[in-house]
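All values below were derived from every heavy atom in this structure, side-chain atoms included, with hydrogens, water molecules and symmetry-related copies excluded. If you're wondering where the values come from, they're calculated on a predicted model, not measured in any experiment.
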Amino acid sequence: MSNLENQLKEWRRDFHRYPEGGFLEMRTASIVASILDDLGFQLEMGRKVMAADYFMGKPNQEETAAHYRWALENGAKKEYIEAFTDGYTGIVATMDTKKDGPVIAFRVDMDALPIHESEADSHFPQKEGFRSAVPNTMHACGHDAHTTIGLGLASLIAENKDSLKGKIKLIFQPAEEGTRGARSMSEAGVVDDVDYLIASHVGTGVPDGHFVASKNGFLATSKLDVTFKGVSSHAGGNPEEGKNALLAAASAALNIYAIPRHSEGATRINVGEMHAGSGRNIIADKAVLKIETRGETTKINEYVKAQAEAVIAGSAQMYGVEYEIRTVGEAISAQGSKELASVLHACAQEASYIKESILEDNSPAGSEDATFFMERVQQNGGQATYCIFGTELAAGHHNEKFDINEGTMMNAVRLLFESIKKLN
């Protein structure tokens with residue numbers, strides 16, 4: 001195990017040093033694919049595992065092409081990267097034992113965040129020489145560790161293939177941040193044959209060495225990009241000829257916060273960005289809002305989203321401007337399968353490296369698009385859960401000083417492998 005533990009650190013630090021945003025994980029995916037191929041997994045990649053009609057918030061062609069060139073210059077595996085050049089960066093790796101048994105799937109994510117990593121001497125990645133080499137991009141949520149855990153699990157599966165049954169699938173998902181990547185993979189049918197699905201995360205406030213077998217409470221969410229298009233004119237000379245997109249956006253932003261709450265559960269809404277105008281004496285002909293809605297259930301989020309769309313339409317009409325709404329990210333709510341969570345809980349209780357295990361945590365949380373996989377598996381009669389591996393954090397998630405206790409990765413690999421043996 002010590003050799004694997006050292007390998008996990010090496011992998012994680014490499015991914016941390018070369019972070020990539022959603023649908024741009026070309027270097028990461030090419031390296032992951034090469035390792036999985038060497039371990040004997042059957043690979044499906046790129047467009048084969050992602051439905052184009054369900055892409056949300058994908059970078060434009062120019063940015064994607066530029067990143068492809070960057071990836072090649074920074075260590076991407078040339079023999080694998082071609083599957084990912086258009087930003088279809090998902091991977092499904094399958095180990096078929098050729099023996100009757102269940103189909104067990106594990107989902108991990110790969111993308112980083114648009115955050116400039118701390119350059120402080122006290123920051124561990126800076127001190128140890130694996131701080132992000134990419135300005136304004138960093139692994140500030142642990143997805144470098146998640147990808148590594150997936151590879152560590154793959155290593156144990158390959159090593160112990162002869163003692164396992166059924167099929168084991170490893171799903172490496174792009175673009176979890178902004179809840180953009182899971183739906184296209186789910187709609188491509190990658191979990192339609194799955195009996196048991198386990199998604200996982202490190203940290204999220206769970207103490208080091210602790211484990212949550214079923215994290216529930218994820219809010220359904222929609223991410224909306226709204227553009228108002230008006231008519232510019234001179235604010236002093238001919239103000240009546242203008243159609244003010246800025247005022248329409250401002251009206252929408254204010255009134256969105258007046259949406260009534262829902263009696264059946266928690267709601268959230270936020271206008272995170274507003275961009276408008278080009279000069280103090282010009283009637284603004286364009287304005288952009290970035291909005292997110294959330295709800296305790298998918299139904300409640302749909303209510304909030306519909307109300308927000310009505311406010312946007314009304315504001316546009318009030319100021320005589322046109323508008324466009326694009327959904328650039330989405331996730332649904334989900335409830336973990338208690339029976340599957342109980343298997344993980346039992347594994348954790350038997351593990352000397354886990355201090356404490358909690359079967360279920362139903363407290364409200366953020367949002368996660370692994371819920372698309374979970375719902376699809378459950379609708380097909382399977383079981384699914386989302387588990388948390390606690391870790392010591394240098395700072396909170398999405399913080400420039402974020403870092404984890406690297407020992408958490410080996411604990412996660414061990415526990416997930418034990419769950420395979422129990423489910424067999």
Side-chain angles (χ1 to χ4, degrees), residues 19-24 55-60 62-64 67 87 111-117 134-141 143 174-181 183 219-232 243-259 267-280 282-295 301-302 304-319 321-331 366-369 396-400 402:
E20 298 174 290
F23 300 125
L24 298 173
F55 262 68
M56 293 179 284
K58 189 174 179 292
N60 62 38
E62 183 180 356
E63 184 178 356
T64 302
H67 190 80
D111 56 320
L113 285 154
I115 295 173
H116 188 76
E117 185 162 9
V134 185
N136 304 312
T137 306
M138 96 174 259
H139 274 293
C141 198
H143 296 191
E176 186 282 326
E177 300 294 353
T179 57
R180 295 176 289 152
R183 190 174 183 193
L219 302 175
T221 186
S222 298
K223 318 298 185 185
L224 308 177
D225 282 0
V226 183
T227 302
F228 293 94
K229 296 179 181 178
V231 177
S232 63
K243 302 291 184 184
N244 200 318
L246 185 155
L247 290 182
S251 174
L254 288 172
N255 285 288
I256 275 172
Y257 284 94
I259 292 172
T267 60
R268 304 280 192 275
I269 194 156
N270 189 56
V271 181
E273 293 185 41
M274 178 176 176
H275 307 275
S278 57
R280 74 176 68 248
I282 304 168
I283 303 293
D285 66 341
K286 184 178 178 181
V288 174
L289 296 179
K290 293 185 181 291
I291 300 168
E292 67 169 21
T293 68
R294 298 185 199 247
N301 181 62
E302 288 173 351
V304 180
K305 182 182 179 183
Q307 292 290 308
E309 289 171 343
V311 168
I312 292 162
S315 298
Q317 184 176 11
M318 185 184 306
Y319 290 95
V321 302
E322 297 177 353
Y323 72 96
E324 178 188 32
I325 302 174
R326 291 176 56 239
T327 300
V328 296
E330 206 145 49
S367 302
E368 240 291 358
D369 65 353
H397 292 264
H398 296 212
N399 184 289
E400 64 174 6
F402 179 88

| message | If the threshold is 4.0 Å, N to carboxylate O, is there a salt bridge linking R326 and E324? | response |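 No salt bridge links R326 with E324.
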Side chains of [X] and [Y]: closer than 4.5 Å at any heavy-atom pair?
X	Y	result
F228	N244	no
T267	I259	no
D369	R183	no
Y319	K243	no
L247	M318	no
V328	R180	no
E62	H67	no

| message | Please give me the minimum heavy-atom distance between M56 and T327, naming the atom from each residue. | response |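 Between these two residues, the closest heavy atoms are CG-O, 3.9 Å.
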| task | Please name all residues satisfying salt bridge (Lys or Arg N to Asp or Glu O under 4.0 Å) with E330, sequence neighbours left out, ordered by chain then number. | result |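 Partners of E330 by the salt bridge (Lys or Arg N to Asp or Glu O under 4.0 Å) criterion, ordered by chain and then number, come out as K305.
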| field | T227 and K229 side chains, donor-acceptor separation under 3.5 Å | value |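 Side chains of K229 and T227: no pair found under 3.5 Å.
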| task | Check ring-ring contact (aromatic ring centres under 6.0 Å, His included) between H116 and all other residues, then give those that pass, not counting sequence neighbours. | result |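 Not a single residue meets the ring-ring contact (aromatic ring centres under 6.0 Å, His included) criterion with H116.
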| request: With sequence neighbours left out, write down each residue that passes ring-ring contact (aromatic ring centres under 6.0 Å, His included) with F55, or none if nothing qualifies. | output: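 Expected list: F23, Y88.
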| field | Spacing of CG belonging to N136 relative to CG belonging to L113, to within rounding of 0.5 Å | value |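 Going from the CG atom of N136 to the CG atom of L113 covers 12.5 Å.
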| field | Exam field: side chain T293 to backbone I269, donor-acceptor pair closer than 3.5 Å | value |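 No, the answer is negative, given that no donor and acceptor are paired below the 3.5 Å cut-off.
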| Are the side chain of Y323 and the backbone of S315 linked by a donor-acceptor contact shorter than 3.5 Å? |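 No; judged by distance alone, with no hydrogens or angles, the pair does not exist.
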